[in-house]
Protein chains: 2
Amino acid sequence: MHDVSTQTRKQREIQQREGRILDAARRILLERGYLGLTMDRIAQAIDYSKGTVYQHFTSKEDVIAAVTIQTFETRMDLIERAATFSGRPRERMVALGEADELFFRLYPDYLRAQQIIRIGSLLAKTSDERLATIQAQRSRMLGIATGVIRDAVAQGDLVLPMQMTAEEMAFGLFSLVLGGRTLTGSRSELSVLGMADPFRTIRQTTFLLLDGFGWRPLTTEWDYEHTLQRVRQEVFPNEVERARGARV
Amino acid sequence: MHDVSTQTRKQREIQQREGRILDAARRILLERGYLGLTMDRIAQAIDYSKGTVYQHFTSKEDVIAAVTIQTFETRMDLIERAATFSGRPRERMVALGEADELFFRLYPDYLRAQQIIRIGSLLAKTSDERLATIQAQRSRMLGIATGVIRDAVAQGDLVLPMQMTAEEMAFGLFSLVLGGRTLTGSRSELSVLGMADPFRTIRQTTFLLLDGFGWRPLTTEWDYEHTLQRVRQEVFPNEVERARGARV
DNA sequence: ATGCATTCTGACGCTTCGTCAGGGAGTGTC
DNA sequence: GACACTCCCTGACGAAGCGTCAGAATGCAT
């Protein structure tokens, strides 16, 4: 073996380069879309040869997967912070929703990468390891949501309706949010719908779905707008500020 | 000008070929995914040269768009039939949901094509005319949903909650269904969720969302399972039978 | 048969992908 | 400082797909 510090320097350089690749990919993806993202372009952007890029990623789909994995960590960070919010379980669920809304406002490129990756035949081109990571991330996020649901049941705030499981309820909530974001993402669909503030609509619909679940206290019994204010001030003051700045 | 009937024969032939192209594309898309769909492959499948395929479509994305447009007509057909179902407005909304569920059961390839087309930079490669058609189709479908919502309001069964508009409510419903289908589409996500019957879960969640909207009669006041049975028997006997056969 | 119009074809140039033989650059040894 | 060794980087290359277009083929009219 040779000098450790030198070894490390090189390794650090490589590690760093991976970050630069992802940054470049993110930018290109946002500017030129999926078809505009090419390995040559990435290589040129980071001023290395294509072969070097291929030492980090097996394909351009693999790069995109890595982009989503990286950004997902930020997403989880916000969600985990939201989960620490103290209050009735339903208030914590509202906090989770707010965390995710802020996330999508702050990182609009995530949605795009996500949608590309979701296309079956593309995901198949990523490395197995990355695939497993994505799987693990999803289940981590799901765990937090079902956890809050179970807490609500334990506290007597919620009786699972129609013999649904906590997972099925979480599935419903995720569906609503994912679908809403997807529709929001394609400008043309929004214009058809003539929606002013899709984020607000998704939020309101989520509130009403929770009412439909019979999750106490209902919106008629509790001021969730106030809860929202608290979450924003107490948990996400910086993010709210940044989201205000970012035009989405 | 020459003989009209001959002219027509040729034109019919061309028309017919367009159908064959779409059929082939659908099949290839289902079997080999987006990346496996190539213009050469399509040409080979219909036993014509690539150039001929290009006389119908400008690009492979254009083909996919045409696939969705064609299948969407089937979707609209089911939805329009559902809209004729007589009953309280909420029952008609249930009928719409059932129509769409049957549609996705019967034509699973639609979801795939849809997701591809939704990716911005791909949609950009389709012809303007097709783009306009897609736009028109969406607004047609939206119109039916908002129509039912407005009927409910007119009949006093529904008071729009939280100052939402009919369009925003429709947006919420579409979001839920679209998101649910998307999650259902990717096997890996389902396995994480451990869902037995995602279609049922989406249906139940929709019911509960309508409850959340305060749309009378609520599930506690009315047997919508019975409504569902009626819809299936009275409007979609054939489709239900076919859906039973199709393993999705 | 001949001319004309319309349609079809596949070879072609171009782009991107992913690979890999060969050329550094850095490190350790004497 | 020379040499050997390892690790990393490079860009040229074959393969594959895209979209085009000059020319062949087909069908119709006279």
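Below, chains carry the letters A, B, ... as their sequence lines are ordered, and counting in each starts from 1. Values reported hereafter were calculated over all heavy atoms of this structure, with side chains retained and with hydrogens, waters and symmetry mates removed.
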task: Name the orientation class of the two ring planes belonging to F72(A) and Y110(A) (parallel below 30°, tilted from 30 to 60°, perpendicular beyond 60°).
output: tilted
message: Using whole Å, what does the distance between atom P of nucleotide dT16(C) and atom NZ of K60(B) come to?
response: 15 Å
field: Nearest listed nucleotide, side chain of M39(A), among dG19(D), dT9(C), dC17(C)
entry: dC17(C)
- prompt: So, is Q55(B) close to the dT7(C) phosphate, meaning a side-chain N or O under 4.0 Å from OP1 or OP2?
  reply: no
If you restrict it to nitrogen or oxygen atoms, what contacts under 3.5 Å exist between nucleotides 19-23 of chain C and the protein, and what is each distance?
none

- prompt: Hey, does D109(B) have a side-chain heavy atom less than 4.5 Å from the side chain of L29(B)?
  reply: no
task: Within residues 26-38 of chain A, find the residues that approach DNA chain D with a heavy atom at under 4.0 Å, and present them sorted by residue number.
output: none
message: Check the phosphate of dT9(C) against T52(B), side-chain N and O only, distance under 4.0 Å to OP1 or OP2. Yes or no?
response: yes
message: Quick check for you: among dC8(C), dC18(D), dT16(C), whose closest atom lies nearest to any side-chain atom of D40(A)?
response: dT16(C)
- prompt: Listed by chain and number, what are the salt bridge (charged side-chain N to carboxylate O under 4.0 Å, His left out) partners of D197(B), not counting sequence neighbours?
  reply: none
- prompt: Is the cationic atom of R81(B) (NZ for Lys, CZ for Arg) positioned less than 6.0 Å from the six-membered ring centroid of F236(B) and within 45 degrees of its normal?
  reply: no
query: Is the closest side-chain heavy-atom distance between T126(A) and I134(A) below 4.5 Å?
result: no
- prompt: Any cation-pi pair here, R17(A) with Y48(A), using under 6.0 Å and within 45°?
  reply: yes
message: Taking only side-chain N and O atoms of R17(A), does any of them lie within less than 4.0 angstrom of OP1 or OP2 on dC9(D)?
response: yes
- request: Report the distance from atom CD1 of I42(B) to atom C1' of dC8(C), rounded to the nearest whole Å.
  value: 17 Å
- line: From CZ of R41(B) across to P of dA16(D) the rounded distance in Å is 11 Å
Atom pair distance, as rounded to whole Å: OH in Y48(B) and P in dT7(C): 12 Å
field: Rounded distance (Å) that lies between atom P of dC8(D) and atom NE2 of H56(A)
entry: 10 Å
message: Can you measure Q44(B) atom CD to dC18(D) atom P for me and round it to whole angstrom units?
response: 13 Å
message: Using side-chain hydrogen bond (donor to acceptor under 3.5 Å, both in side chains), reason through Q204(A) and E168(B) one step at a time and then give a plain yes or no.
response: CA-CA 10 Å; Q204(A) 288 179 334; E168(B) 286 171 334; over 6 Å; no
Rounded distance in Å - CD (E13(B)) to P (dT26(D)): 13 Å
- request: Kindly indicate whether the side chain of R138(A), heavy atoms from C-beta on, has any atom under 4.5 Å from the side chain of F174(A).
  value: no
Whether over 12 other heavy atoms sit under 6.0 Å from Q44(A) CD: no
- request: Using whole Å, report how far CZ of R20(A) lies from P of dC9(D).
  value: 12 Å
